[in-house]
Amino acid sequence: MKRCCLYVPPNLKQPFSVTAMSKDRIKPSSRLYTRARGVLITLAALYGLAVVLTMTPFIQTRVLYAQHIDFWWYNKFNHPENYGLAPGKTVNLQLTSADNTSLGAWFIFSDPFYRTHLPYPPPPNPEFTFPNREHVAAALQHNPTILFLHGNTGTRAHPLRTVLYTAFTSRLSANVLAIDYRGFGDSEGHPSVRGVSMDARAGWDYLMSQGARPEEVLILGHSLGTAIAGLLAAELGREGIHPRGTVLMSPFSSIRQLMDQYYLFGFLPLLKPLSAIPLAPRLITWSLVHKFDTLTLVPDIKSSVLIAHADDDFDIPSSHSSILFDAFLEPHLPAYPSIPENPLSHTDWDNYTLHDTLRASKRAELVSTTRIEGYGVYEKMQRRDGGTVALLRTERGGHDIGRVEGVQDAIGRMFGFYGPL
């Protein structure tokens, strides 16, 4: 009897292994998993590095003030005409802070004074002595003045700032004193909370030394400058000095709250994930070197205040302005009702609802609200001391809201630049 043999082709004479086939099938998904894990580990490492850097004093200073960032090299301060300002309209100054730090500044004459009181063409200025300096005192008597405190990065010659000087001197008929804090532009030193506060006071003291009256000087800050403006306004308030008012454009309530809401690249939360880790928020607060906190200054700011913010500001959320406005309003409202201790008590919940309703009713009574379609919302309240606090939230304007004509008009109307206060 013949045996039946099964023919096996030479290329298949290999041990058959189900395990080997399974591994071949798993390989693509395994590679994908490995890559995804690598990406996640890299992102976690980068996030951890970003948090550590945020807690480093050197990095905090460089990011917060960014005084060395000046992409456009606007630093020819003896030639303000190079940056769009009229010939002879600007005087380059060197001020001295309380700790003898030298500060660069520009005094820009109001348009009415420039056109009617200054010679044209301007006198020669070969040694950069700025002969029109002798007219500063007269200009302070002729028109009100804005003490301008700019935000971080760049200098007083930055184009986003010079367009504001032009608007303020023409549309508001105001003089402008713009200072560069220590470490910025041609100013000496390195920035700190105490240092920049002294620098703002040096600008104020210079105006007073030239014959300005406090009620003729408006303190105006933008972005980081709002925290510095708050420090100056609070200091003056404690001394019983009453400026014309204080304007906060695109402010933040405090550095700590701003960090909680900061997004890397506009969409990655920097510190929010850490809120779930015990003691992590407290550690971050402890690590802060530059603790700007305008919220804590509210009780000491006695002047009238205008807060302006755009809802499309992607650098600082406009909610910070609402928080500041509510802080000024809070002393005039009934206290917040406490949550009932017994959640099943109908009486306690009725009392809670009643107090909450009274609070909302009182707010509606104190705050007048004007809505302008396509533009924004304007809220205003009168304080017991007679001062006014207003909040202007525009739909558009971005972070540099000072360029919006409606904001300039709000400043002019509220602080009497268009007529008597």
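Just so it is clear, the values below take in all heavy atoms, side chains as well, and ignore hydrogens, waters and symmetry mates.
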Q | Between His117 and Phe109, ring centroids under 6.0 Å | A | no
Q. Is the shortest heavy-atom distance from the side chain of Pro144 to the side chain of Asn175 under 4.5 Å?
A. no
(Q) Would you say Ser318 and Arg393 are linked by a side-chain donor-acceptor pair, where the criterion is simply a distance under 3.5 Å? (A) yes
(Q) Run the salt bridge (charged side-chain N to carboxylate O under 4.0 Å, His left out) test on Lys302 and Glu239 for me, step by step, so that the C-alpha distance in whole Å, both residues' side-chain angles and the decisive distance to 0.1 Å come before the verdict. (A) CA-CA 10 Å; Lys302 307 301 183 183; Glu239 295 177 11; over 6 Å; no
Q: Work out which heavy atom in Met414 is nearest to a heavy atom in Ala390; give both atom names and the distance.
A: SD-CB, 3.9 Å
(Q) Looking only at the side chains, is there a donor atom on one of Lys89 and Thr169 sitting less than 3.5 Å from an acceptor on the other? (A) yes
Q. In terms of side-chain geometry, is the basic nitrogen of Asp199 or Arg194 positioned less than 4.0 Å from the acidic oxygen of its partner?
A. no
Q) Side-chain contact, heavy-atom cut-off 4.5 Å: Phe168 with Val163? A) no
Q | Main-chain N/O of Leu358 paired with Ser361 side-chain donor or acceptor, under 3.5 Å | A | no
Q) Any side-chain heavy atom of Leu172 sitting closer than 4.5 Å to one from Ile146? A) yes
Q: Using modelled atom types only, decide if a donor and an acceptor are shared between the side chain of Ser197 and the backbone of Val193 within a distance under 3.5 Å.
A: no
(Q) Check Asp326 with Arg363, please: is the shortest side-chain N to carboxylate O separation under 4.0 Å? (A) yes
Q. Do the side chains of Thr129 and Arg133 get nearer than 4.5 Å, heavy atoms only?
A. no
(Q) For a quick test of reading the model, state the closest non-hydrogen atom pair linking Ser110 to Asn143 and the distance between them. (A) OG-OD1, 3.1 Å
(Q) With no hydrogens and no angle check, just 3.5 Å: does a side-chain donor-acceptor pair link His290 and Tyr65? (A) yes
Q.
To the nearest 0.5 Å, what is the distance between CG on Asn92 and CG on Asn125?
A. 9.5 Å
(Q) What I want to check is whether the side chains of Glu188 and Ser102 have a donor and an acceptor closer together than 3.5 Å. (A) no
Q) For the atom pair NE2 (His150) and CG (Asp180), what is the distance rounded to the nearest 0.5 Å? A) 4.0 Å
(Q) Is any side-chain heavy atom of Phe325 closer than 4.5 Å to one of Val367? (A) yes
**Q.** Glu81 vs Lys76, salt bridge (charged side-chain N to carboxylate O under 4.0 Å, His left out): CA-CA, chis, key distance, verdict
**A.** CA-CA 10 Å; Glu81 296 81 8; Lys76 295 182 180 179; over 6 Å; no
Q.
Taking side-chain contact (heavy atoms from CB on, under 4.5 Å) as the definition, give me every residue that meets it alongside Lys362, ordered by chain and number, with sequence neighbours left out.
A. Leu333, Pro334, Glu365, Leu366
**Q.** Pair Leu297-Leu231, side chain to side chain contact (heavy atoms under 4.5 Å, CB included): steps then yes or no
**A.** CA-CA 7 Å; Leu297 301 174; Leu231 287 168; 3.8 Å; yes
Q) Between CZ of Arg115 and CG of Asp111, what distance do you get to the nearest 0.5 Å? A) 5.0 Å
Q: Taking all heavy atoms of Tyr114 and all of Gly88, pick out the closest pair and write down the distance.
A: CE1-C, 3.9 Å
Q) Backbone N or O of Phe128 within a donor-acceptor pair of the Asn78 side chain at under 3.5 Å? A) no
Q | Any pair counted as ring pair (Phe, Tyr, Trp, His ring centres under 6.0 Å), so long as it reaches residues 221-249, sequence neighbours left out | A | His222-His399
Q | His309 and Ser321: side chain donor to acceptor below 3.5 Å | A | yes
Q. Will you find, in the side chains of Arg156 and Asn75, an N or O donor that is under 3.5 Å from an N or O acceptor?
A. no
Q. Taking C-beta and beyond as the side chain, do Thr90 and Phe107 meet within less than 4.5 Å on heavy atoms?
A. no
Q) Between Trp204 (side chain) and Leu236 (backbone), is there a donor-acceptor pair under 3.5 Å? A) no
Q. Can you name the nearest heavy-atom pair linking Leu177 to Thr145, along with the distance?
A. N-CG2, 4.3 Å
Q) Any idea which heavy atoms bring Ile411 and Phe417 closest together, and the distance? A) O-CD1, 3.8 Å
Q. What do you reckon, are the aromatic ring centroids of Phe252 and His320 less than 6.0 Å apart?
A. no
Q) Going through the distances and angles, do Glu395 and Asp312 end up as a side chain to side chain contact (heavy atoms under 4.5 Å, CB included)? A) CA-CA 7 Å; Glu395 295 178 9; Asp312 66 344; over 6 Å; no
Q) Using a distance-only test with no angle check, is there a side-chain donor-acceptor pair under 3.5 angstrom linking Ser97 and Arg182? A) yes
**Q.** Rounded distance [0.5 Å steps], OG in Ser254 versus CD1 in Ile323
**A.** 8.0 Å
Q. Which distance, rounded to the nearest 0.5 Å, do you find between the OG of Ser322 and the CD of Glu379?
A. 7.0 Å
Q) Can Arg171 be said to sit on top of Tyr418's aromatic six-ring, NZ or CZ under 6.0 Å from centre and within 45° of the ring axis? A) no
(Q) Test your reading of the model: is there a side-chain donor-acceptor pair from His158 to the backbone of Gly154, 3.5 Å cut-off? (A) no
(Q) Between Asp385 and Arg383 (salt bridge meaning N to carboxylate O under 4.0 Å), is one present in this structure? (A) yes
(Q) For a 4.5 angstrom cut-off between non-hydrogen side-chain atoms, does Leu392 reach Thr394? (A) yes
Q: Report yes or no: is the cationic atom of Arg371 (NZ for Lys, CZ for Arg) under 6.0 Å from the centre of the six-membered ring of Tyr378, at an angle within 45° of the ring normal?
A: no
Q) Rounded to the nearest 0.5 Å, what separation is found between the CZ atom of Arg201 and the CD1 atom of Ile179? A) 12.5 Å
(Q) Tell me the closest heavy-atom pair linking Pro191 and Gly183, and the distance in Å. (A) CD-CA, 4.3 Å
Q) Passes ring pair (Phe, Tyr, Trp, His ring centres under 6.0 Å), Phe184 versus Tyr181? Steps please. A) CA-CA 6 Å; Phe184 288 76; Tyr181 321 114; 5.5 Å; yes
(Q) Between Asn152 and Leu64 (side chain of the first, backbone of the second, donor and acceptor by atom type, cut-off under 3.5 Å), is there such a pair? (A) yes
Q: Would you sort out whether Asp356 and Thr353 count as a side chain to side chain contact (heavy atoms under 4.5 Å, CB included), showing the intermediate values?
A: CA-CA 5 Å; Asp356 192 51; Thr353 303; 5.7 Å; no
Q: Report yes or no: do Gln94 and Asp186 form a side-chain donor-acceptor pair below 3.5 Å?
A: yes
Q.
Test side chain to side chain contact (heavy atoms under 4.5 Å, CB included) on Val377 and Thr370; report intermediate values, then the result.
A. CA-CA 6 Å; Val377 179; Thr370 304; over 6 Å; no
(Q) Under a 4.0 Å threshold between the charged nitrogen and the carboxylate oxygen, would Glu216 count as salt-bridged to Arg213? (A) yes
Q) Should Leu306 and Leu248 count as side-chain neighbours, where that means a heavy-atom distance under 4.5 Å? A) no
Q. Between Ser250 and Ser223, does any side-chain donor sit less than 3.5 Å from a side-chain acceptor?
A. no
